[in-house]
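Below is one structure, written out as structure tokens; the observations come after it.
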Amino acid sequence: MPGFELFGAEEKKEVQDVLDNGVLMRYGFDPMRNGHHKALELENDLAKKMQSKYAQVVSSGTAALTVALACAGIGSGDEVIMPTFTFVASFEAILSVGATPILCDIDDTLTLDPKAVEAAITAKTKAIMPVHMCGSMADLKALKAISDKHNLILLEDACQAIGGTYDGKPLGSYGDLGCFSFDYVKTVTCGEGGGIITNSETYADRAHKYQDHGHDHIGNDRGAETHPFLGYNYRLSELNAAVGIAQLRKLDHTIAVQEKNYTILRDALSSIPEVTFRRVPEMGVESYAFLSIFLPSEDIARKAHKALGAHGVDACFYWYDNNWHYYKKWEHLLEPKSLNTLSKEIQTGLQKNNKSFDASDAWMGRTISCLIKLSWTEIEVKDRASKMVDAIQSVV
Ligand SMILES: *Cc1c(COP(=O)(O)O)cnc(C)c1O
């Protein structure tokens, strides 16, 4: 997955354009910038690549989620349904707009279980936020039907799945809004950065203003611009955007390499009857950022994870015990622990999350995900495949 593995002359050239004129900010300074508008160029490229009408780049994936929620008018008193398995950024973004994250079980897709989502909907629910974890997607058709039925916003967190598709559409482009992260370890990286895609002119216009203090971006004098509504600063710098331009151009190649490496590992592991694979919803094509497998039990999964390490196979994750990606370790959300006082409404709302998520525990307890790297040679992947088979066979 990490796009940084493919850093090269292309990224350097784009960054050099910015260094040559010295304009590091995306707005203003037109006479000095020698025609370079890297953030704008990245937005145009992203919209095109993601088959969406509009794209907005911002300073991180977390910022993308925050801006997307704000654009959809989500705030105080609203509930947003999110999965138990995701990066903590999902609940941070929801809390940061004043809304309440409501945890919801996952199924064998390792993403939101549509049945559990339907059961979690209340009069306060405003949005469903599926997270396409580890390169594969939620059952978007089912989630779209639920959102339409209850008049909810469908916001895709595609931060870990850029390049995957569903029903022929790029992940992120199926819902009302889609978000990407371009942080250092993602498939496409800007160093730090994020992107929002949408087909809604209204959301796109709001995003454009909200991520820059509410600036209306009319005319050439920033000081004279008006502020139709409150905004914040989630701007992406020209330097970061420049890296992203070169990285995004490599996306098809990146996905092809991931698919090749993934397939070698998957074919090898298919020889072990006790190993099964994460379910990819019908009509979905993965980005192949990770290969996620199920072992027959939690006990065997723990042993397999240890054995993989002992056999020298790195970059395999047992998320069930992870501090950042699974709800069980999120005491700062569940208690909650906050530096400032959260509203009574949020505190009450968060209490809904203090329950057991048995279905999630059952799937995650059995899951191991292996990162697919881009820099492996074919010999290295084959060697890894045989080590993985040996490691897992030693415990099943
Ligand atoms: C990385 C990530 C984010 C946040 O992105 P940042 O750019 O690191 O802020 C959000 N959601 C998921 C699923 C992620 O993996």
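Keep in mind that what you see is a predicted model, and the values were worked out from it rather than measured. In each ligand, atom 1 is the first atom listed, and ligand 1 is the first ligand listed.
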Inset, instruction - Could you tell me which atoms of ligand 1, counted from 1 in the order shown, lie closer than 4.0 angstrom to a heavy atom of F87? - result: 2 (C), 3 (C), 12 (C), 14 (C)
Legend entry - G193: numbered ligand 1 atoms lying under 4.0 Å from its heavy atoms: 7 (O)
Inset, instruction - Answer side chain, backbone, both or neither: which part of T62 comes under 4.0 Å from ligand 1, heavy atoms only. - result: both
Inset, instruction - For ligand 1, find out whether one of its N or O atoms is nearer than 3.5 Å to an N or O atom of E192. - result: no
Inset, instruction - Quick one: sort the Y262 and Y288 rings into parallel, tilted or perpendicular, breaks at 30° and 60°. - result: perpendicular
Legend entry - ligand 1-proximal atoms of S60, by part, heavy-atom distance under 4.0 Å: both
Legend entry - Inter-residue atom distance I146.CD1 - E118.CD, 0.5 Å rounding: 4.5 Å
Inset, instruction - Would you please determine whether A63 falls within less than 4.0 Å of ligand 1 on a heavy-atom basis? - result: no
Legend entry - Protein contact to atom 15 (O) of ligand 1 [nearest heavy atom, distance to 0.1 Å]: Q160 NE2, 2.9 Å
Inset, instruction - Among all protein heavy atoms, pick out the one at the shortest distance from atom 11 (N) of ligand 1; state its residue, atom name and that distance to 0.1 Å. - result: D157 OD2, 2.8 Å
Legend entry - Value rounded to 0.5 Å, distance of CE in M25 from CG in D212: 6.0 Å
Legend entry - Closest to atom 5 (O) of ligand 1 (judged by heavy-atom distance), picking from G194, C190, S181: S181
Inset, instruction - Would you mind checking which non-hydrogen protein atom is closest to atom 8 (O) of ligand 1, with the distance to 0.1 Å? - result: D183 OD2, 2.6 Å
Inset, instruction - Examine T86 against ligand 1 and note whether any of their N/O atoms are separated by less than 3.5 Å. - result: no
Legend entry - Side-chain (Q258) to main-chain (S287) donor-acceptor, under 3.5 angstrom: yes
Inset, instruction - Provide the number and element of each atom of ligand 1 under 4.0 Å from a heavy atom of V131. - result: 13 (C)
Inset, instruction - State the atoms of ligand 1, each with its element, that fall below the 4.0 Å cut-off from a heavy-atom position in A89. - result: 3 (C), 4 (C), 10 (C)
Legend entry - Residue among K186, E11, E14 satisfying side chain to side chain donor-acceptor pair (under 3.5 Å) with Q247: E11
Legend entry - Closest candidate by heavy atom, reference atom 6 (P) of ligand 1, pool G195, C179, G61: G61
Legend entry - K186 to ligand 1, any heavy atom closer than 4.0 Å: yes
Legend entry - Positive for side-chain contact (heavy atoms from CB on, under 4.5 Å) with V188, one of L251, D183, T254, V243: L251
Legend entry - Criterion salt bridge (charged side-chain N to carboxylate O under 4.0 Å, His left out) against R279, the qualifying member of D139, D108, D113: D108
Legend entry - Whether E79 side chain and K124 backbone form a donor-acceptor pair below 3.5 Å: no
Inset, instruction - Classify the ring geometry between Y234 and Y210 as parallel (under 30°), tilted (30 to 60°) or perpendicular (over 60°). - result: parallel
